[in-house]
Amino acid sequence: MHTKEVEVMKLHPPQLEFLLEDLTLKLEHALIASASKRRTFLKTKSNKGAGFSHLDQHTPRQVAKKIVKLLPSLCDHMEATSGFFQALIEQNDGLMDGPGSNTPESQIMGRCLELLLRCMCSLFAWNGFVSHANKELLEEALGVLNARMKGTSQTQFTFKQLISNSFQYLEKFSETIPRLSTAVILVRLLVSLSDKYDDPTDATRTIANLAQGFLQREWIGSDGQKEKGAKSNEMIQTLIKIFFLHTTDVLKCIQDICSIAVPELLDADKYEGSTTYPTLTKSAFGTYYRMMLDELVRCVRQMTPGKSSDPIQQSTQLLVRWNMAVRVFHTLVTLIKAFDVRSNLNAALKFGRMFIELFLRNGMPLLDKVLRTNKDDVMGLLKNLQQSTRTMHHVCSHSKVAKDVSLINHVPLLKKALEGFVFRVKAMLTLHNCQEAFWMGNLKNRDLHGEEILSQVSNAESEAESDGGEESEDNGPELSDDSDEEQSTTAGDDETDAGREDAEGSGSEESYSESF
């Protein structure tokens, strides 16, 4: 018999990795995700177009059409690599990082899966899909993913169904993600798809849960050790940001991290992390801290006081949210005593000032409205916030003693905001005929750990001798701790002098206390 033997050529993982890396670089060059990443005529440090001269002869639409034709093959490879890790997990009785997960073969397969997801992300994040002219091409790409779903017997799908099924198809790969970098790319891919929803409520909830799940997982690097370093912190920051942006109650999430995960971190060993959030380690705390403060400020910026004609029930609900925000802020500011590195101090000064300014703009008008009906709640809120401002005052004193220019630059504006808070509270109490409840005390300069700054001791002793060593302690229930007070006076002419001395940056700086 004269027959020809047919030999089927198959790609091995090293060859697949090589081809996928080349394809990924070309797609990331040709398919721009946002207008901000467009190439300009301005000079750059390096020629990013080097090696893509032939590719630049094709339009992004032509490149997108080519990659859509390749989608079935890409899905085949993605399912095969995911199946490899699924079999490995089953062999290890469900353990993600068990024996065999760090072999050379596993590392190559992990890189292939990451490159495949990067190709998908480059395609679906392309800004050309915003145009109505490319809607048919987007539907064709979604149709390829939709066809991979089992149990879809329909032949005709609406655009909403195509996106939903494609989202579910890609979400299933989260069960076999081997590396932190791959997890970040998958979440970004799902975010790109959710942006195309008319009503992304369900997708938003899924993305939040997925990002939180990745943050609550312990990641092992290619060296067999826990992921750490600048790149790891950058990827963790991306997951935290996506988690906060898509969760339903960001204040509750920040509060949970501060009340559960951070205490676990404080009790852990030097190289260990939180048990609830294993990605929260001492080296990654700065990333968590900065993102929590940033998101807290973004949240309170949206808490506008509303109109004076709004029902009192709506104002009361908003007061509850402000109480929660102030408690979270107080917790975050207090953590600076345990994690007093420069980056954390910088974040506390920067976002602390922004929070106080937003409270003056959005929170105080609300307190003016609800003071008479919710006196106890308002008093508790001001007490918590005043304790936070005291800690901020200590951070300012520490910054001056440390003579760190990057920290000192934040001090004047923060001092101005703290002083504005005091006089704004006085104005509110005066408006409601509660002037007797307001009083002011001179706060000693202390460092982050409550120790009095030595340069102020001699001044304090001389002032005590001139005043006869007397202190006024019976001015009513105060919102601050007596141990920090040098002297206290009722509100009156001394307030103007205190504010003036503070603005001039004199040696004896002032802090204030209010009570009801």
J.: With a 3.5 Å distance limit and no angle check, can you tell me whether Ser194 reaches the backbone of Ala203 through a side-chain donor-acceptor pair?
T.: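 Not a single qualifying donor-acceptor pair exists.
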J.: Decide whether Glu114 and Ser181 meet the rule of one side-chain donor and one side-chain acceptor closer than 3.5 Å.
T.: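 Short answer, yes.
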J.: Show your reasoning for whether side chain to side chain contact (heavy atoms under 4.5 Å, CB included) applies to Leu23 and Leu74.
T.: CA-CA 11 Å; Leu23 178 62; Leu74 294 178; 4.2 Å; yes
J.: Quick one: closest heavy-atom pair of Ile177 and Arg217, and the distance?
T.: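 The pair with the smallest heavy-atom distance is O-NH1, 2.8 Å.
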J.: Shortest non-hydrogen contact from Val411 to Ser399?
T.: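 Closest pair (atom of Val411, atom of Ser399, distance): CG2-CB, 4.2 Å.
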J.: What is the minimum heavy-atom distance between Leu407 and Leu349, and which atoms define it?
T.: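 The answer is O-CD1, 3.5 Å.
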J.: Do any N or O atoms from the side chain of Asp22 and from the backbone of Phe18 form a donor-acceptor pair under 3.5 angstrom?
T.: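 Side chain of Asp22 to backbone of Phe18: no pair is present.
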J.: Kindly determine whether Phe214 and Thr279 satisfy side chain to side chain contact (heavy atoms under 4.5 Å, CB included), including the steps that lead there.
T.: CA-CA 9 Å; Phe214 287 148; Thr279 53; over 6 Å; no
J.: In Å and rounded to the nearest 0.5 Å, what is the CG to CG distance from Leu265 to Leu280?
T.: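 So the gap between those two atoms works out to 5.0 Å.
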J.: Can you tell me if Lys415 and His393 form a side-chain donor-acceptor pair at under 3.5 Å?
T.: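 There is such a pair (donor and acceptor under 3.5 Å, judged by atom type) between the side chains of Lys415 and His393.
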J.: Is it the case that over 12 heavy atoms from other parts of the model lie below 6.0 angstrom from the CZ atom of Phe159?
T.: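 Counting neighbours around CZ of Phe159, more than 12 heavy atoms of other residues, nucleotides or ligands fall under 6.0 Å, so yes.
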J.: Please test Glu357 against Arg353 for salt bridge (charged side-chain N to carboxylate O under 4.0 Å, His left out), starting from the C-alpha separation and ending with a verdict.
T.: CA-CA 6 Å; Glu357 290 176 349; Arg353 172 186 62 83; 3.1 Å; yes
J.: Quick one: pull up CG in Leu138 and OG in Ser131 and give me the separation to the nearest 0.5 Å.
T.: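 It comes to 11.0 Å.
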J.: Salt-bridged, Glu21 to Arg118, with N to O below 4.0 Å?
T.: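 A salt bridge is absent here (no side-chain N lies under 4.0 Å from a carboxylate O).
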J.: Looking at Pro200, is its backbone amide N or carbonyl O close enough to the side chain of Thr204 to form a donor-acceptor pair, meaning the two atoms are under 3.5 Å apart?
T.: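 Judged by distance alone, yes, a pair lies under 3.5 Å.
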J.: Keeping the roles fixed (side chain from Asn344, backbone from Phe339), state whether a donor-acceptor pair exists under 3.5 Å.
T.: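 Yes.
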J.: Just wondering, are more than 12 heavy atoms of other shown residues or ligands nearer than 6.0 Å to NZ in Lys226?
T.: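 Correct, the count exceeds 12.
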J.: Parallel, tilted or perpendicular, judged at 30° and 60°: which one describes the rings of Tyr288 and Tyr277?
T.: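 Correct class here is perpendicular.
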J.: Starting from the C-alpha separation in whole Å, work towards a yes-or-no answer on salt bridge (charged side-chain N to carboxylate O under 4.0 Å, His left out) for Glu419 and Lys416.
T.: CA-CA 5 Å; Glu419 184 178 347; Lys416 182 179 179 181; over 6 Å; no
J.: Tell me, do Leu296 and Phe355 make a side-chain contact under 4.5 Å, heavy atoms counted?
T.: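 In contact.
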J.: Test of understanding: with salt bridge (charged side-chain N to carboxylate O under 4.0 Å, His left out), list the residues that count as partners of Glu264, not counting sequence neighbours.
T.: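 By the salt bridge (charged side-chain N to carboxylate O under 4.0 Å, His left out) rule, Glu264 matches no residue at all.
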J.: Rounded to the nearest 0.5 Å, what separates atom SG in Cys253 from atom CG in Leu215?
T.: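 These two atoms lie 10.5 Å from each other.
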J.: Side chains of Phe421 and Leu382: closer than 4.5 Å at any heavy-atom pair?
T.: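 Phe421 reaches Leu382 side chain to side chain.
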J.: Between Asp404 and Arg342, is there a side-chain N and carboxylate O pair less than 4.0 Å apart?
T.: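 Yes, charged N to carboxylate O under 4.0 Å.
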J.: Tell me, with the steps shown, if Asp340 and His398 meet side-chain hydrogen bond (donor to acceptor under 3.5 Å, both in side chains).
T.: CA-CA 10 Å; Asp340 55 353; His398 170 81; over 6 Å; no
J.: Out of curiosity, Cys119 SG to His77 NE2, how far, rounded to the nearest 0.5 Å?
T.: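 Spacing of SG (Cys119) from NE2 (His77) equals 10.5 Å.
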J.: Between Phe359 and Trp322, how do the two ring planes meet: parallel, tilted or perpendicular, split at 30° and 60°?
T.: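 Rings of Phe359 and Trp322: perpendicular, as their planes differ by over 60°.
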J.: Are Leu27 and Trp126 packed together at the side-chain level, in the sense that at least one heavy-atom pair is separated by less than 4.5 angstrom?
T.: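 Not touching, per the 4.5 Å side-chain cut-off.
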J.: Is the backbone N or O of Leu20 less than 3.5 Å from a side-chain atom of Thr24, with the two atoms forming a donor-acceptor pair by type?
T.: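 Answer holds: yes.
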J.: Can you confirm whether more than 12 heavy atoms, excluding those of Lys282, are under 6.0 Å from its NZ atom?
T.: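 Atom NZ in Lys282 is packed in, count exceeds 12.
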J.: Could you tell me if the side chain of Leu16 sits less than 4.5 Å from the side chain of Ile108, heavy atoms only?
T.: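 The answer is no; the side chains never approach within 4.5 Å.
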J.: To the nearest 0.5 angstrom, please state how far the CD atom of Gln168 sits from the CD1 atom of Ile163.
T.: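 These two atoms lie 12.5 Å from each other.
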J.: Determine, stepwise, if the pair Thr281 / Glu272 fulfils side chain to side chain contact (heavy atoms under 4.5 Å, CB included).
T.: CA-CA 6 Å; Thr281 60; Glu272 296 296 326; over 6 Å; no
J.: Looking only at the side chains, is there a donor atom on one of Asn209 and His246 sitting less than 3.5 Å from an acceptor on the other?
T.: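 Per modelled atom types, Asn209 and His246 side chains form no pair under 3.5 Å.
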J.: Looking just at side-chain N and O atoms, do Ser106 and Thr103 make a donor-acceptor pair shorter than 3.5 Å?
T.: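 Yes - a donor-acceptor pair under 3.5 Å links their side chains.
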J.: Which of these, Thr276, Leu335, Asp267, sits in a side-chain contact (heavy atoms from CB on, under 4.5 Å) with Val262?
T.: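 The passing option is Leu335.
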J.: Less than 4.0 angstrom from a charged side-chain N to a carboxylate O is my criterion; do Glu79 and Arg148 meet it?
T.: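 Salt bridge flag = yes for Arg148 with Glu79.
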J.: Does the distance from a Lys or Arg side-chain N to an Asp or Glu carboxylate O, for Asp256 and Lys252, drop under 4.0 Å?
T.: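 Lys252 and Asp256: salt-bridged.
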J.: Applying the side chain to side chain donor-acceptor pair (under 3.5 Å) criterion to Glu17, which one of Gln107, His12, Arg111 satisfies it?
T.: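 Single pass found, and it is Arg111.
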J.: Over all heavy atoms of both residues, which pair between Leu170 and Leu186 is shortest? Give the atoms and the distance, please.
T.: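 What the structure gives for the nearest pair is O-CD1, 3.6 Å.
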J.: Just so I know, are the side chains of Phe129 and Leu123 near enough to count as touching, which here means a heavy-atom distance under 4.5 Å?
T.: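 When only atoms from C-beta onward are counted, Leu123 and Phe129 do touch, with a gap below 4.5 Å.
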J.: Using side-chain heavy atoms (C-beta onward) and a distance below 4.5 Å, is Gln387 in contact with Thr391?
T.: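 In short, these two side chains do not touch, never coming nearer than 4.5 Å.
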J.: Are Lys160 and Asp198 close enough that some pair of their side-chain heavy atoms sits under 4.5 Å apart?
T.: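 Heavy-atom side-chain distance check fails, nothing below 4.5 Å.
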J.: Start with the C-alpha distance between Phe167 and Asp202, add both sets of side-chain angles, then the distance that settles side chain to side chain contact (heavy atoms under 4.5 Å, CB included), and finish with yes or no.
T.: CA-CA 11 Å; Phe167 189 92; Asp202 294 336; over 6 Å; no
J.: How close do Pro263 and Cys258 get, counting heavy atoms only, and between which atoms?
T.: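 Closest pair (atom of Pro263, atom of Cys258, distance): CD-O, 3.2 Å.
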J.: Going by atom types only, do His330 and Ser388 share a side-chain donor-acceptor pair under 3.5 Å?
T.: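 Note: His330 and Ser388 side chains meet the donor-acceptor criterion.
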J.: Output a table of donor-acceptor pairs, distance under 3.5 Å, between side-chain atoms of residues 231-242 and any protein atom two or more places apart or on a different chain; print 'none' if there are none.
T.:
unit_1	atom_1	unit_2	atom_2	d
Asn233	ND2	Gly229	O	3.4
Asn233	ND2	Ser283	O	3.4
Gln237	OE1	Arg290	NH2	3.0
Thr238	OG1	Glu234	O	3.2

J.: Would you call Asp294 and Lys350 a salt bridge, taking side-chain N to carboxylate O under 4.0 Å as the test?
T.: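 No, Asp294 and Lys350 are not salt-bridged.
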J.: Using only atom types and a distance under 3.5 Å, with no angle test, would you say the side chain of Thr59 pairs donor to acceptor with the backbone of Gln62?
T.: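 Yes; at least one donor-acceptor contact below 3.5 Å.
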J.: Can you tell me how far apart OG (Ser406) and CG (Asn346) are? Round to the nearest 0.5 Å.
T.: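 If we round to the nearest 0.5 Å, Ser406:OG and Asn346:CG are 5.0 Å apart.
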J.: Using side-chain heavy atoms (C-beta onward) and a distance below 4.5 Å, is Thr331 in contact with Ser259?
T.: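 Thr331 does not reach Ser259 side chain to side chain.
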J.: To check you understand the geometry: which heavy-atom pair defines the closest contact between Leu145 and Met120, and what is its length?
T.: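 Reported closest heavy-atom pair: CD2-CE, 4.2 Å.
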